[in-house]
Amino acid sequence: MRYRLQAAADPAELSLGGSILAKPVATPLRVLVVEDSLADAELLLLELKRGGYEVSYERCTTEAEVRKALKTGTWDLIVSDYSLPGFDGMRCLQLYRESGLDIPFLLMSGTVGEEIAVEAMKGGAHDYIMKDRLVRLVPAIKRELREAVARRERKSFMEQMEFIAYHDPVTRLPNQRLFLQEVEQAIRRCDSYPGRRLVIAIPEIAKFKEIRTTVTEADYDTLMRQIADRIWLRCEGMLTLARIDDYTFAALFPLDQDGDPAVAARSLLSAFDEPYEIDPFLLHLDASVGMAVRGAETQAAAVLRNAMVAANQAREKRQPHALYSMAEDHSSPGNLALLGQLRDAIRGGELALYYQPILDLGTERITGVEALVRWNHPQLGLLQPEKFLGLAESSNLIIPLTAWVVDAAFSQWRQWRQSGLDID
């Protein structure tokens, strides 16, 4: 049963030396009392009243009653007798720990010694009070209540700091750090199921930076939240969505062995079919999507990076979506190494021209040739132009490469002329 213990009716005000003194306001305190002796429980509650508390309480005498009270009640404090018929304070302490509550737990006894008190403190009790020394009760409770408040404040602060460290403050989505952790977890789960794959998809929104500088900060944040909400609504089966920087969202999708990554891209693109309302404007956003499928032994950061490359490729080619291709990734580690080797290949004689004749069908004469460059790579063998021309075009190497091709072609033409072969 629950009770409320209040002082007897007193005058609302007292007069002292001509001054009017208001009656002190008691502090509300909700106490779970685990005690088989009604007399001892009443002594405890009277001590709390004298200490300035207005107590509401429930008294329990069995383990079943304690379990129920811990589940259904909202308590500021638990005070438990150590010795109970068929049930003791250490068991009550264990139930308290299992409940997950962070409130003061005090054990009381009139008989046990110091060793039991030490064991109780090690087990999680906040203090141990002897029944013949209740003068310590109120000071101990006040101290432990202050400590409980401080613990909750510290816990709340740490939770806020952790949230800030792993989430975007505007959309409350995972940030890049948390997204990569979630991708790594998904990779471990996926590796347990042969044939299952993962795809990261990144929507590249056209002129996003211009929009960012045009609308107000508040409107931009509203737009980000609207985009996040609509992506979650449209992308069925999406595992997680993150905002990895001020302009970029990233989504993770599962993919069956024969699944088409473009399905994920199309679901993302559907989030931009209708305009977004930023009062008083309707913003029509054009988007493309870059995708990267997680391959064998590929880490989360590498898949994310590849998806970002694919997003740039889709934008540059004006395609609705693009799947990452290493051959088109001029900044991949392998291609960067190949680019460095190409510089030496131009100077070192590893390039060769192959000539494809152009035939005049009317006269059946060769009227010209098409020069095709190849790279005799010492480790990779004969490389076709698509393996290295794009790399050269993305750097200044296209100039010396072109000069080499022109020089080699004219040298061959002169040799043909000297041997009597006339090819224009």
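- With sequence neighbours left out, S411 forms a side chain to side chain donor-acceptor pair (under 3.5 Å) with R414.
- Sorted by first and then second residue, the pairs that involve residues 120-131 and meet salt bridge (Lys or Arg N to Asp or Glu O under 4.0 Å), not counting sequence neighbours, are E35-K131, D40-K131, D81-K131, D127-R136, D127-R143.
- Note on residues 179-189: pairs passing side chain to side chain donor-acceptor pair (under 3.5 Å), not counting sequence neighbours, are E182-T240.
- Sorted by first and then second residue, the pairs that involve residues 340-351 and meet salt bridge (Lys or Arg N to Asp or Glu O under 4.0 Å), not counting sequence neighbours, are D344-R347.
- Side-chain contact between I141 and P104: absent, with no pair of heavy atoms (C-beta onward) separated by less than 4.5 Å.
- Take F105 and apply the ring pair (Phe, Tyr, Trp, His ring centres under 6.0 Å) test, not counting sequence neighbours, and it matches Y96.
- F163 meets the ring pair (Phe, Tyr, Trp, His ring centres under 6.0 Å) test with H167; sequence neighbours excluded.
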Test side chain to side chain contact (heavy atoms under 4.5 Å, CB included) on Y220 and V170 and set out the steps.
CA-CA 10 Å; Y220 185 72; V170 173; over 6 Å; no
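- Applying the salt bridge (Lys or Arg N to Asp or Glu O under 4.0 Å) test to every pair with at least one member in residues 156-178, sequence neighbours left out, gives these pairs: D168-R243.
- In terms of the ring pair (Phe, Tyr, Trp, His ring centres under 6.0 Å) criterion, residue partners of F388 (sequence neighbours excluded) are, by chain and number, W375.
- Distance alone, capped at 3.5 Å, places no donor-acceptor pair between the D88 side chain and the L84 backbone.
- Partners of R230 under the salt bridge (Lys or Arg N to Asp or Glu O under 4.0 Å) rule, at least two apart in sequence or in another chain, do not exist in this structure.
- Residues meeting the salt bridge (Lys or Arg N to Asp or Glu O under 4.0 Å) test with E217, sequence neighbours left out: R212.
- A side-chain donor-acceptor contact under 3.5 Å links Q160 and S156.
- D256 places no side-chain N or O within 3.5 Å of a backbone atom of D258 that could act as its donor or acceptor partner.
- By the side chain to side chain donor-acceptor pair (under 3.5 Å) test, T61 pairs with E65, sequence neighbours left out.
- Pairs passing the side chain to side chain donor-acceptor pair (under 3.5 Å) check and including a residue from residues 271-289, sequence neighbours excluded, read R234-E274.
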